[in-house]
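Written below as structure tokens is the structure these notes are about.
Because the structure is a prediction, the values reported are computed rather than measured.
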Amino acid sequence: MWRADAFLESMYNEAEKKTKDSQAAMSAEERNRYLKQALRRLIGEFETNENHKPVLLEQVSCDGYIRERIELSAVPGVSFAAYILIPEDQRKPMPAAVAVHGHGYGSREIVGLRQDGSNDSDPPGIHRHFAVQLVRRGMVVIAPDVAGFGERRLAADLERNPEAANSCHRLAAQLLMHGKTLAGLRVAETLRAVDYLAERPEVQPGGIGIMGFSGGGLISFLCAALDERIRAAVLAGYPNTFKDSIMAMQHCICNYIPGILNHAELPEWIGLIAPRSLYLESGADDRIFPAAGFNSAVEQLRETYRRAGAEARLQADLFPGAHEISGRHSYDWLFERLSSPEN
């Protein structure tokens, strides 16, 4: 066979068998512990920057909320900016959310700004300015700049092409050469944003959630799986199976974590969030995270939550739309989940 189609299919089937054998050999608790340990190893761990102090870069009064911009650092030698949106009508303490953007021009795309930092009064794109939607519901929101987008594109890429969409390939490829992943770096930085939120006086103790779209959904599920401070998660435009999404068509290299399929398929990885609250949404016409894969993932996750005795904490919405955020139910759901003493 000159073409490797059958070979790749056999590899997937073998990984699936290995997963089933492992599931049968372990209790649910042992399996979860094993997967969390494997996940930390697979994405790669980074040295933490203990000495960096947050720096306030700007503070702007907006319509119903205050927008701050700060500088944080999670890894020595690398810092990043993040927008903080704080409701003007502060009912302290308030629930809080990390808002993680996907491919685009960075955090400005979700906080109501254009790429140049000016106010965006045009109809929003696929990110729907979702950080603004969350703050308007009464949450403190932090929107970190994800490595490789917007102002965090690499100088080497901009020298070759000033209009380069992102630096995902160069970042991911070089990190892989060091045995690390771009997902791992992005998770380390996002969890630093969680640290910062937890220190804010406006934030309700124990009331932190996360919402991510597309590639931001990948980061969000990884963070929620690994850090139980995150009480509730919304994954938009990402929940699926590996086989139906990133293995079925070309995706950005930042979606791929070497060896991850040798341990579990995507729904089981997402299931590490259980029994904490989880909302899944996807467009029925999303071509890169197709509806069939979404429905399969939802079915598997319903069983995971049923076994955990937490069926009511899992919600899903296959909405009319494409690869985009809906938010028609998820924004309110996240606020309600984080506002409730028992979510």
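Contact annotation: the side chain of Ser79 never approaches that of Leu72 to less than 4.5 Å [non-hydrogen atoms, C-beta and beyond]. The shortest distance between side-chain heavy atoms of Glu151 and Asp145 falls below 4.5 Å. Side-chain contact between Arg313 and Pro275: present, with at least one pair of heavy atoms (C-beta onward) separated by less than 4.5 Å. Counting heavy atoms from C-beta outward, Phe221 and Pro239 have side chains that stay 4.5 Å or more apart. No side-chain heavy atom of Phe149 sits less than 4.5 Å from a side-chain heavy atom of Tyr105. Inter-residue side-chain proximity for Leu222 and Val187 is flagged as met; some heavy-atom pair is nearer than 4.5 Å. You'll find the side chain of Arg67 reaches within 4.5 Å of the side chain of Glu58, heavy atoms only. In this structure, the side chains of Asn13 and Glu16 come closer than 4.5 Å at one or more pairs of heavy atoms.
Legend: salt bridge (Lys or Arg N to Asp or Glu O under 4.0 Å) pairs involving residues 236-265, not counting sequence neighbours, sorted by first then second residue: Glu9-Lys243. The list of salt bridge (Lys or Arg N to Asp or Glu O under 4.0 Å) pairs with a residue in residues 202-218, not counting sequence neighbours, reads Arg200-Glu202.
In this model, no donor atom of one side chain and acceptor atom of the other lie less than 3.5 Å apart for Arg192 and Ser73. Side-chain contact, Gln133 with Arg137: a donor N or O sits under 3.5 Å from an acceptor N or O. A side-chain donor-acceptor contact under 3.5 Å links Asp286 and His323.
Asp122 is linked by a salt bridge (Lys or Arg N to Asp or Glu O under 4.0 Å) to Arg114, counting only residues two or more places apart in sequence or in another chain.
Contact detail for Ser330 and Gly327: the closest heavy-atom pair is OG-CA, 3.2 Å.
Val140 and Tyr83 fall into different hydrophobic clusters, where Ile, Leu, Val, Met, Phe, Trp and Tyr are joined by side-chain heavy atoms under 4.5 Å apart, directly or via other members.
Just one of Ile84, Ile86, Leu85 meets the side-chain contact (heavy atoms from CB on, under 4.5 Å) condition when paired with Tyr65; it is Leu85.
Atom NE2 of His169 has 12 or fewer heavy atoms from other residues, nucleotides or ligands within 6.0 Å. More than 12 heavy atoms of other residues, nucleotides or ligands sit less than 6.0 Å from atom CD of Glu199.
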Should Arg328 and Glu281 be marked as a salt bridge (Lys or Arg N to Asp or Glu O under 4.0 Å) after you check the CA-CA gap, both sets of side-chain angles, and the distance that decides it? CA-CA 10 Å; Arg328 62 179 181 174; Glu281 68 169 38; over 6 Å; no
